[in-house]
Amino acid sequence: MAMISRLLMLSLFIMLISLARRKGMVKGVDEDAKALCSVNLAQFLPPPYGGLENMICQPVWNSYLLRYSQTKDNVVTIVLSTVYTTGWVGMGFSRDGKMINSSCMVGWVNPEGQGKIRQYYVEGLTPSKIKPEKGELPLTSVPPLVYLQGATIYLAFQLKYPNRLKNQPILLAFATKYPHHHHLTVHDDKTTILFDFSSGNSFDVSAGSNDYTSSRKTHGVLGILGWGLFCPFGAIFARYLKNQKSWYYFHVSAQFIGFILGFAGVVLGLQLHNKLQVHIPAHEGIGILVLVLSILQVLAFFLRPDRDSKYRKCWNLYHGWVGRIALFFAAINIVLGMHYAGAGEGWKIGYGFLLGTIMLVCIVLETLLRLKKLDDPTHLPTYPMNSI
């Protein structure tokens, strides 16, 4: 027992020493960041970058330091600084935390000592797909600039948004090789953070990028299976296969499975929205519309009148057209989702094949149905005969 107690005391002593060292290291890092933030930018940067009012200064990644201020008119002035030797330094704004479809401000100081800063638009992951002098950043008339002060490079630019900038996925990257004719070289390292411009807090999403990517793919798969596969085939059973004895059970089963999968996809999409705080009004609005229409369809199932009821014809018209509208907007929203997510060619080809197959099946079955009605004598028009 005495030996065990001594070991426990020794372990506790080691843990206390480790915690004290860790606290000292964190305190040292905070002091270094505080010292860097205390640098007077007005000594070497022109206004408005040199005299930021209500400036917030935060370390964001490695030696990267982000200074910014945001006015009541939603004008955001940004000064990004980091240790610099050669190559380029960049800061990107993304919709979903991914490089593709992001707009970036990249700066460097060439061997002749000339500072260069450009906006780039990332159309793909290869250097040829990163387009200079393009992008979606709402730059103001104040020209951006890059400045080298000692061993620290400063990138400064100003943006004006229609609404107050809050949570924003930010890409940070650098390369030790200079751009070639303004075309960027491959980065040496990069990271993605979720930065809150209202509080100055940041969250590193690179570590959780695998979970985010998996959740996004699951959201897409659930939407395609629910709204794009089961619900359309459930409608096909009701429209074209009523001569089969079990058509009703196939119709109800497919619709309920599609509704459950689609509802799960919406829930997962809301979780992604709350986590990243990225607003995609068109995709979100159409998704909510499709969900509401689907819920109305489920309620209509439980409120279905009898066949002999005088309201049955109105119910049939309501049920059929609400379903058609829901499927139409669901197909549009699936395409929008793949567009905003930067889906690969496999996703686009796969859903295009599925949608094309469903449309072809509907065209063939609708043609056969109309030909059958023409051949059915009960559907032929009757004309009165004049008696002689």
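Values in this document were obtained by computation on a predicted structure and should not be read as measured data.
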Considering only heavy atoms from C-beta outward, does the side chain of Phe157 approach that of Gln119 to under 4.5 Å?
no
So, using side chain to side chain donor-acceptor pair (under 3.5 Å) as the criterion, who are the partners of Ser69 when residues are at least two apart?
none
Quick one: sort the Trp61 and Tyr64 rings into parallel, tilted or perpendicular, breaks at 30° and 60°.
tilted
Using a 4.5 Å cut-off on heavy atoms from C-beta on, say whether the side chain of Val79 contacts that of Leu45.
yes
Please check this pair: side chain of Asn40 against backbone of Ala42, looking for a donor-acceptor N/O pair closer than 3.5 Å.
yes
Using 0.5 Å steps for rounding, measure from the SG atom of Cys104 to the CG atom of Leu137.
7.5 Å
Any Val122 side-chain heavy atom under 4.5 Å of Asn101 side chain
no
Between Gly226 and Pro232 the two heavy atoms that sit nearest each other are O-CD, 4.5 Å
Of all pairs that satisfy salt bridge (charged side-chain N to carboxylate O under 4.0 Å, His left out), the ones with a partner from residues 302-324, not counting sequence neighbours
none
Here the salt bridge (charged side-chain N to carboxylate O under 4.0 Å, His left out) pairs for residues 116-129, sequence neighbours left out, are Arg118-Glu133
Please check if Ile363 and Leu371 belong to a single hydrophobic cluster, counting links between Ile, Leu, Val, Met, Phe, Trp and Tyr side chain heavy atoms closer than 4.5 Å.
no
Is any side-chain heavy atom of Gln297 closer than 4.5 Å to one of His319?
yes
Output for pair (Leu66 CG, Ile193 CD1), nearest 0.5 Å, gives 7.0 Å
Return the OG1 to CG distance between Thr82 and Asn62, rounded to the nearest 0.5 Å.
7.5 Å
Transitively linked via ILVMFWY side-chain contacts under 4.5 Å: Leu369 with Met359?
yes
Can you give me the closest heavy-atom contact between Gly107 and Leu155, atom names plus distance?
N-CD2, 3.5 Å
Could you check whether any side-chain N or O of Lys131 sits under 3.5 Å from a backbone N or O of Ser128, counting only pairs where one atom can act as donor and the other as acceptor?
yes
Shared ILVMFWY cluster between Val252 and Phe302, side chains joined below 4.5 angstrom?
yes
I'd like to know if the side chain of Ser198 pairs up with that of Asp196 as donor and acceptor (distance under 3.5 Å, no hydrogens or angles considered).
yes
Contact check, side chains of Val142 and Tyr49, non-hydrogen atoms, under 4.5 Å:
yes
Measuring from Tyr121:OH to Ser103:OG, what's the distance to the nearest 0.5 Å?
6.0 Å
Which atom pair, heavy atoms only, marks the closest approach of Cys57 to Arg67?
SG-CG, 3.8 Å
For a quick check under 3.5 Å, do Glu366 and Tyr240 share a side-chain donor-acceptor pair by atom type?
yes
What heavy-atom pair brings Ala300 and Tyr318 nearest, and what distance separates the two atoms?
CB-CE2, 3.5 Å
Give, for atom CG of Leu327 and atom CD1 of Ile332, the distance between the pair rounded to the nearest 0.5 Å.
11.5 Å
So, do Trp108 and Thr86 sit near enough that their side-chain heavy atoms are less than 4.5 Å apart?
no
Hey, is the main chain of Val109 close enough, under 3.5 Å, to the side chain of Tyr84 for a donor-acceptor pair?
yes
Would you give the length of the straight line joining atom CG of Leu148 to atom OG1 of Thr85, rounded to the nearest 0.5 angstrom?
10.0 Å
Is the ring pair Tyr161/Phe93 parallel, tilted or perpendicular, if the boundaries are 30 and 60 degrees?
tilted
Any side-chain heavy atom of Trp227 sitting closer than 4.5 Å to one from Val290?
yes
With Thr140 via side chain to side chain donor-acceptor pair (under 3.5 Å) - residues at least two apart:
Gln158
Parallel, tilted or perpendicular: rings of Tyr154 and Phe44 (30°, 60°):
tilted
Would a distance-only check, ignoring hydrogens and angles, find a side-chain to backbone donor-acceptor pair under 3.5 Å from His187 to Ala173?
no
With clusters defined by side-chain heavy atoms of hydrophobic residues (ILVMFWY) lying less than 4.5 Å apart, directly or transitively, does Met91 cluster with Tyr178?
yes
Tell me whether Asn74 contacts the main-chain N or O of Lys160 through its side chain, where contact means a donor paired with an acceptor under 3.5 Å.
no
Give a yes or no on whether Leu229 and Val221 share a hydrophobic cluster (residues Ile, Leu, Val, Met, Phe, Trp, Tyr; joining criterion: side-chain heavy atoms under 4.5 Å apart).
yes
Does Ser309 use its side chain to pair, donor to acceptor, with the backbone of Pro305 at less than 3.5 Å?
no
Give me the ring orientation class for Phe301 and Tyr248: parallel if the planes are under 30° apart, tilted from 30 to 60°, perpendicular past 60°.
parallel
Using a 4.5 Å cut-off on heavy atoms from C-beta on, say whether the side chain of Phe195 contacts that of Pro169.
no
Selection residues 37-48 - residue pairs positive for salt bridge (charged side-chain N to carboxylate O under 4.0 Å, His left out), sequence neighbours left out:
none
List for me each residue that meets side chain to side chain donor-acceptor pair (under 3.5 Å) alongside Thr185, sequence neighbours excluded, and say none if there are none.
Trp88
